[in-house]
Amino acid sequence: MKITYYGHASLGIEVGGKNIIVDPFITGNPKASGIDINSLKADYILVTHAHGDHVLDVETIAKNTNAVIVSNAEIATYYGSKGFNSHPMNHGGSWKFDFGKVKYVNAIHSSSFPDGTYGGNPGGFVIEGEHKNIYIAGDTALTYDMKLIPLRTELDLVILPIGDNFTMDVEDAIIASDFVECDKILGYHFDTFGYIEINHEESIRKFFDKGKDLMLLEIGESIEL
Ligand code: NI
Ligand code: MN
């Protein structure tokens with residue numbers, strides 16, 4: 001499994017021979033100006049919730065690629081009614097796709113579309129790939145529900161928001177990584193705008209002091225699991 005960071009909460013995942021884009025917000029992020037969304041490959045687009053900083057480039061990428069948009073029922077229906085391919089899910093449910101198994105799990109946040117359309121309840125995704133399992137938390141507060149994840153899935157990587165203000169901060173993300181029993185963390189949802197700027201060195205050290213590895217990728221950088 002290869003994971004590429006496209007800035008903010010946007011990710012590319014290569015798994016089982018398929019390309020997945022998660023929460024594409026690239027053209028609206030000046031820091032991601034080096035990424036050409038028209039060159040992105042996607043068989044699937046996973047959307048955690050409907051906020052603009054997670055859905056901005058969904059339609060462009062879906063038009064370019066014919067990707068299947070996977071999200072909660074309300075978001076999937078919203079895109080389905082516009083003619084896009086979509087797959088609706090809801091909390092606690094899993095589906096076996098051709099690249100692996102995806103479960104939609106709880107997040108504590110909100111989820112309206114930028115135009116005010118109801119975007120269902122926000123979530124995160126647990127992806128069980130061929131060899132590796134990851135949890136993408138989406139925008140969320142720290143929640144006890146995270147403790148349910150390792151009861152079913154042994155994680156190799158957890159992707160957590162760490163920017164504070166709209167989501168968890170670093171301290172809560174450390175607790176979240178305890179809850180999901182995974183010491184390898186990719187941080188996201190930081191630095192994009194003023195409210196969520198973080199001190200990188202201090203954040204990495206705080207995780208390190210608890211025996212955990214926080215990775216902060218450059219935009220466009222990838223890791224291989
Ligand atoms: Ni949000
Ligand atoms: Mn967000």
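Both ligands and their constituent atoms are indexed starting at 1 by order of listing.
When you scan the N, O or S atoms of His109 for the one nearest the Ni ion (ligand 1), you land on NE2. Take the N/O/S atoms of His51: the one nearest the Ni ion (ligand 1) is ND1. Nearest to the Ni ion (ligand 1), among the N, O or S atoms that His49 has, is NE2.
Listed by chain and residue number, Lys212 satisfy the side chain to side chain contact (heavy atoms under 4.5 Å, CB included) test with Asp183 (two or more places apart in sequence, or in another chain). Legend: residues meeting side chain to side chain contact (heavy atoms under 4.5 Å, CB included) with Lys63, ordered by chain and number and at least two apart, are Phe84. Partners of Asn29 by side chain to side chain contact (heavy atoms under 4.5 Å, CB included), not counting sequence neighbours, listed by chain and number: His8, Phe25, Lys31, Ala32, Thr192, Ile219.
With waters left out, the protein N, O or S atoms under 2.8 Å from the Mn ion (ligand 2) add up to 4.
The aromatic rings of His54 and His49 sit tilted, their planes meeting at an angle between 30° and 60°.
The structure places CD1 of Ile162 at 9.5 Å from CG of Asp169, a figure rounded to the nearest 0.5 Å.
Not one N, O or S atom of His54 sits under 2.8 Å from the Ni ion (ligand 1). For Asp53, every N, O or S atom stays at 2.8 Å or more from the Ni ion (ligand 1).
No donor-acceptor contact under 3.5 angstrom links the side chains of His91 and Asn121, judged on distance only.
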Between Asp57 and Thr27, is the side chain to side chain donor-acceptor pair (under 3.5 Å) condition met? List the steps.
CA-CA 7 Å; Asp57 297 318; Thr27 58; 2.6 Å; yes

